[in-house]
J.: 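Sharing a structure below in structure tokens format, with a few things to ask.
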Amino acid sequence: MALKASALKVGDTHSERVVENLSRTQIVQYAGVSGDYNPLHTDEVYTTQVAGYPSVFAHGMLTMGLTGKMLTRYVGDGRLTKFGVRFTNQVWPGDTLDTKATVTGLREENGQHLADLTLSTTNQDGKEVVAGSATARIDP
């Protein structure tokens with residue numbers, strides 16, 4: 001169901017848990033789907049002994065995809081006109097991620113009603129891993 005301008009106000013928020021206890025299997029599955037086989041995401045020995053990280057970690061685009069999953073559920077299919085993020089921290093196996101969208105503006109442009117949103121995805125420790133923004137078409 002699409003959002004309606006008449007039911008929204010600046011400051012409204014929507015939150016959703018997008019993954020609980022992210023597994024290494026999910027990270028490797030994403031590598032397969034995306035074609036991004038960078039060993040930092042799939043090879044524990046390389047990642048720890050060569051690159052010096054404590055473990056493999058999730059692709060930034062996996063985290064963006066999880067953020068987008070919440071966003072699409074919130075605004076409705078085919079409603080996004082803009083979606084962009086910054087990756088602010090790494091996501092590790094075992095992390096649980098929650099995403100929050102906040103309405104920052106409601107406007108009309110070229111006959112369309114639009115909602116501007118800020119996005120924040122945080123891990124179980126409250127550390128932000130993705131910051132972003134989006135614009136979505138909404139019903140009057």
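Everything quoted here is computed from the prediction, not taken from an experiment.
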J.: Kindly indicate whether the side chain of V75, heavy atoms from C-beta on, has any atom under 4.5 Å from the side chain of I138.
T.: no
J.: What pair of heavy atoms forms the shortest contact from Y37 to T42, and how long is it?
T.: O-OG1, 4.1 Å
J.: To check you understand the geometry: which heavy-atom pair defines the closest contact between L106 and V10, and what is its length?
T.: CD1-N, 4.2 Å
J.: Quick one: which residue pairs count as a salt bridge (Lys or Arg N to Asp or Glu O under 4.0 Å) with a foot in residues 102-119, not counting sequence neighbours?
T.: R107-E109, R107-D116
J.: Side chain of H59, backbone of D36: donor and acceptor closer than 3.5 Å?
T.: yes
J.: Only one of N123, D125, V129, T122 forms a side-chain contact (heavy atoms from CB on, under 4.5 Å) with N89, so which one is it?
T.: V129
J.: Flag yes if V130 and I27 sit in one hydrophobic cluster, no otherwise; membership is Ile, Leu, Val, Met, Phe, Trp, Tyr, and two members link when side-chain heavy atoms are under 4.5 Å apart.
T.: yes
J.: Are P93 and S55 close enough that some pair of their side-chain heavy atoms sits under 4.5 Å apart?
T.: yes
J.: Could you tell me which residues satisfy side chain to side chain donor-acceptor pair (under 3.5 Å) with T47, sequence neighbours excluded, listed by chain and number?
T.: none
J.: Please report the interatomic distance CZ(F57) to CG(N38), rounded to the nearest 0.5 Å.
T.: 7.0 Å
J.: Can L117 and T102 be said to form a side-chain contact (heavy atoms from CB on, under 4.5 Å), step by step?
T.: CA-CA 5 Å; L117 308 160; T102 303; over 6 Å; no
J.: For a quick test of reading the model, state the closest non-hydrogen atom pair linking W92 to V56 and the distance between them.
T.: CE3-O, 3.4 Å
J.: Provide the closest heavy-atom pair for A7 versus D12 in the form atom of the first, atom of the second, distance.
T.: O-OD2, 4.0 Å
J.: Once salt bridge (Lys or Arg N to Asp or Glu O under 4.0 Å) is applied, what residue pairs with a partner in residues 82-92 remain, sequence neighbours excluded?
T.: none
J.: May I ask you to test the Q29-S23 pair for a side-chain heavy-atom distance under 4.5 Å?
T.: no
J.: Membership question, hydrophobic clusters at under 4.5 Å side-chain separation (ILVMFWY): are L119 and L3 in the same one?
T.: yes
J.: Between T81 (side chain only) and T135 (backbone N and O only), is there a donor and an acceptor less than 3.5 Å apart?
T.: yes
J.: Less than 4.5 Å apart, any side-chain heavy atom of R24 and any of E44?
T.: yes
J.: Can you tell me how far the CG atom of L40 sits from the CD atom of Q90, to the nearest 0.5 Å?
T.: 8.5 Å
J.: Answer yes or no: are there more than 12 heavy-atom neighbours, outside N21 itself, under 6.0 Å from its atom CG?
T.: yes
J.: Quick one: are T48 and Y53 in side-chain contact, heavy atoms under 4.5 Å?
T.: no
J.: Restricting to pairs with a member in residues 89-106, which pass salt bridge (Lys or Arg N to Asp or Glu O under 4.0 Å), not counting sequence neighbours?
T.: R17-D98
J.: Under 3.5 Å, is there a donor-acceptor pair between the side chain of T88 and the main chain of E128?
T.: yes
J.: Below 4.5 Å, heavy atoms only, C-beta onward: do V91 and L97 meet side chain to side chain?
T.: yes
J.: According to a hydrophobic-cluster definition based on side-chain heavy atoms being under 4.5 Å apart (Ile, Leu, Val, Met, Phe, Trp, Tyr only), do Y30 and Y46 belong together?
T.: no
J.: Name the atoms and distances for all side-chain donor-acceptor pairs under 3.5 Å in residues 60-70, with sequence neighbours left out.
T.:
from, atom 1, to, atom 2, distance (Å)
T67, OG1, T63, O, 2.9
T67, OG1, T121, OG1, 2.7
K69, NZ, V18, O, 3.4

J.: Using the salt bridge (Lys or Arg N to Asp or Glu O under 4.0 Å) rule, collect all pairs that involve residues 129-140, keeping only residues at least two apart or in two chains.
T.: R79-D139
